[in-house]
There are 2 protein chains.
Amino acid sequence: MRGRPTIYEDANIVKKAQEVFWQKGYSATSLSDLQKATGAGAGSFYNTFKGGKKEVFQKAIEERRLAFDAFKIELSKSESPLELIKDFFRSIASAEENEHLKGCIIANTVVEMTFIDENLEANAVQILKEVEQMFTEAIKNEQTIGNLKTQTDPEILGRYLITFWCGLNTLRRMYPDKNILKKQIEMQLAVIS
Amino acid sequence: MRGRPTIYEDANIVKKAQEVFWQKGYSATSLSDLQKATGAGAGSFYNTFKGGKKEVFQKAIEERRLAFDAFKIELSKSESPLELIKDFFRSIASAEENEHLKGCIIANTVVEMTFIDENLEANAVQILKEVEQMFTEAIKNEQTIGNLKTQTDPEILGRYLITFWCGLNTLRRMYPDKNILKKQIEMQLAVIS
DNA sequence: TTATTTATGTATCAATCATTACAAAAATAA
DNA sequence: TTATTTTTGTAATGATTGATACATAAATAA
């Protein structure tokens, strides 16, 4: 390969940019913020991402989708997928305060982008729907096996969990407190049993 | 009273500005947006609100708090407060698509302002906590009277409802569909019975 | 070595940002 | 009428926005 070697790798820029977007959202994050966070100047930045700020944001969101996909694979290998999902919720309680305040970047994006950018909005909604689908299928399977008392439509229960996930996204900011969150999470998970 | 008469009344500017903030949030709303929406030019605008954009936003949020307070008074007069609260949730389902996409301006603000403006954030969180408190007390009363089967701590159930409220704020955008929302709302309200 | 290619750093762009300055308009008080 | 007060509209402010232009650095291929 010819040419001056790359210092600022794409993946690393996206990773650093994601951190900023996660905290401040899309609109409130300036290119100056991104340059400070990634170290890359305007030259490198626009050389790597012709689409500018928006493209990097999209990549940051896409990276998050991959994280969900990885969890999905873990789920498919698990002997008790629903328990894994429940533990996923439970793990929220013990997160650091800073993590509570950041919340879920996908849910944040749905709220922020509604009248701002149709594509970014639809993208984020789609990811949440995929997560919901993951919940729904896990519940459906457990019901089929006979591991669940509740016979409520798994579609409703899946939506219940994604609604909870999004509600938790705000509740964590209201109460970034381990004990409060833990109690709340256990209470809501008990509905799926 | 001396001086040129006011064309753009404070309350009306706030009302029109609120509509824009509700849709686009704080950061993505420019003063140009507000001037277009309110009709008032920079002169009138800064003459009325010395604090500029931020002050108008605060006033818009405060107006929303007043709406909640009005509901609280209605609640105190009602013979079945909990049922009124439930109907409040049920009424969400039949809102217009545009209303779904706007969501709850307070919940939106909590999400948007976290790392942007400490005061606006804390303000919005406080309002959500007051609404939660309203839920909690209504539930507590019904339990005392003996109208509720569930003996779960009313504090937990109040938080359950505010979590649902915030979750719904995102779910409505995922599914701005009357039937889907209605089913979901009934299912979640059934927990409080 | 020399030509070519790619990445980087810096200067700069026009556009927009929130805000201020200020003169004219439009009312009342004297 | 004239002085005073307040609101309004417009022009301008300096700062910041996202993005581009371009020379230079730093590598490989010929």
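Near DNA chain C, meaning a heavy atom under 4.0 Å away, the residues from residues 2-18 of chain B are Arg2(B), Gly3(B), Arg4(B), Pro5(B). Within residues 26-48 of chain A, the residues that place at least one heavy atom under 4.0 Å from DNA chain C are, in residue-number order, Ala42(A), Gly43(A), Ser44(A), Asn47(A).
In 5' to 3' order, the nucleotides of DNA chain C bounding all contacts with chain B (an atom under 4.0 Å from a heavy atom) are dC17(C) to dA29(C).
In summary, Asp177(A) and Lys182(A) do not engage in a salt bridge, as defined by a charged side-chain N under 4.0 Å from a carboxylate O. The residues Arg90(A) and Glu83(A) are annotated as salt-bridged, a charged nitrogen and a carboxylate oxygen being separated by less than 4.0 angstrom. Salt bridge Glu62(B)/Arg65(B): present, at least one basic N to carboxylate O contact under 4.0 Å. Ionic pairing of Lys59(A) and Glu55(A) is present here: one or more N-O contacts between side-chain nitrogen and carboxylate oxygen are shorter than 4.0 angstrom.
Under the 6.0 Å cut-off for aromatic ring centres, Phe135(A) and Phe164(A) do not qualify, their centroids lying 6.0 Å or more apart. Two rings, from Phe88(A) and Trp165(A), have their centers less than 6.0 Å apart.
Both the sub-6.0 Å distance and the 45° axial angle are not jointly satisfied by Arg172(B) relative to the ring of Tyr175(B).
In summary, of the residues considered (Leu84(A), Ile85(A), Asp87(A)), a side-chain contact (heavy atoms from CB on, under 4.5 Å) with Ser78(A) occurs for Leu84(A) alone.
Tyr26(B) and Phe21(B) have parallel rings, their planes meeting at less than 30° on a 0 to 90° scale where 60° marks the start of perpendicular.
In this structure, a donor-acceptor pair under 3.5 Å is present between the side chains of Asp33(A) and Ser30(A).
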